[in-house]
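Shown next, in structure tokens, is the structure this report addresses.
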2 protein chains.
Amino acid sequence: MESHAVMHYRRDNMADLLRSHDINPTHQRIEIAYALFSRQAHLSADQVMMIVNDRHAETSKATVYNTLKLFLEKGMIREVIVDPSKVFYDPNISPHHHLYEVDSGELTDIDAHQVRIEGLPELPENMETEGIDLIIRVRRKKA
Amino acid sequence: MESHAVMHYRRDNMADLLRSHDINPTHQRIEIAYALFSRQAHLSADQVMMIVNDRHAETSKATVYNTLKLFLEKGMIREVIVDPSKVFYDPNISPHHHLYEVDSGELTDIDAHQVRIEGLPELPENMETEGIDLIIRVRRKKA
DNA sequence: CCAATAATTAGACAGAGTCCAATTCCTAGA
DNA sequence: TCTAGGAATTGGACTCTGTCTAATTATTGG
């Protein structure tokens, strides 16, 4: 536990992280993974793009989108759909929910272990749950 | 209760429905409200547009978007954000959650009264909850 | 080292949604 | 009934997110 809390994601870790998810580590993928994991933040594709190309352009738009989709398929990151205009990507894959500040767009994690959801209907036999998204939309009280 | 369940939304009702939400009833607004309420379905702006202009074009894209936003602000409909590519509008404003079939895009309501959510964190004093969205993402089991 | 395969790329494209200035509609008052 | 002024609607250009494609460049196993 302690070791996990203390874990600092460094560029050197990224190749192993990628390999452990069956992803071939390439320059671009390492940079994109590093952008997400070193910050532990919810980033849009656009933000990832800007971070990765901060100094000199190195990674194309197509690659950013391809790579995020790949990470997603391999279960290395999660997708957060709260903003109608863009998707956010979340390097935290442990079960958790989200608190969304609608005005600022700020997203905060809520550990799923502290939350209980009861009374959900049974699913038909041929269906399976892919995920449960719980989003608390909050706003600053006006005056 | 009974009376509500039996309620059939007709074009004639729409003007009153609009007025009761402080919305000036106009032809276009009545048609758009009717599209949503008579079907009791989750529709995208695009779908509303097609329904309303089914026979002869009557309502512009700008008006459809303006109007849906207006209905939303006035609390007459709800927004459902599950599909990264488009927003759905929901004429059901009673507390409920959603079951989302990821492959087909089909959305089903889950009455909120049968569901209990416990253990949510306290909000800071200056924040208030705007809404709680619970989305169960399901998919057809593969073989 | 070389061939085969995998990854990346620029840029065209698509679709949702916004914006704006011009027009049309509606209403209240004379 | 007529009219002025505010409200609503409109076409179309525009923006932005994301996808696609065909060509190029890396990588890797033998």
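Just so it is clear: chains get the letters A, B, ... in the order the sequence lines come, proteins before strands, and each one is counted from 1. Every heavy atom of this structure was used, including side-chain atoms; hydrogens, water molecules and symmetry mates were not.
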| field | Length of the CG-C1' vector between B/Asn24 and C/dC25, whole Å | value | 11 Å
| request: Name the closest nucleotide to the A/Ala45 side chain, picking from D/dG18, D/dT10, C/dT18. | output: D/dG18
| Once you round it to whole Å, what is the distance between C1' of C/dA16 and CZ of B/Phe88? | 12 Å
| request: Return the value, rounded to whole Å, for the distance between atom CD of B/Gln47 and atom C1' of C/dG17. | output: 15 Å
| note | Of the listed C/dT8, D/dG11, C/dA16, the closest approach to the A/Thr67 side chain comes from C/dT8
| query | What nucleotide, of D/dT10, D/dA8, C/dT9, holds the atom closest to the side chain of A/Ala62? | reply | C/dT9
| Which is true for B/Ser44 with a 4.0 Å heavy-atom rule: it touches a base, it touches only sugar-phosphate, or it touches nothing? | nothing
| said: Please determine whether a side-chain nitrogen or oxygen atom of A/Asn66 lies at a distance below 4.0 Å from atom OP1 or OP2 of C/dA7. | reply: no
| request: Provide, to the nearest angstrom, the distance between the CG atom belonging to A/Asp83 and the C1' atom belonging to D/dC16. | output: 12 Å
| request: Identify the residue among A/His96, A/Arg78, A/Gln40 that makes a side chain to side chain donor-acceptor pair (under 3.5 Å) with A/Asp90. | output: A/His96
| query | Of all the choices, D/dT17, D/dT10, C/dT18, which nucleotide is nearest to the side chain of B/Lys61 once you look at every atom? | reply | C/dT18
| message | On the nucleotide C/dT8, are OP1 or OP2 found under 4.0 Å from the side-chain N or O atoms that A/Thr26 carries? | response | yes
| For atom CD of B/Gln28 and atom C1' of C/dT24, their distance in whole Å | 10 Å
| Phosphate OP1/OP2 of C/dG17 contacted by B/Tyr65 side-chain N/O (<4.0 Å) | yes
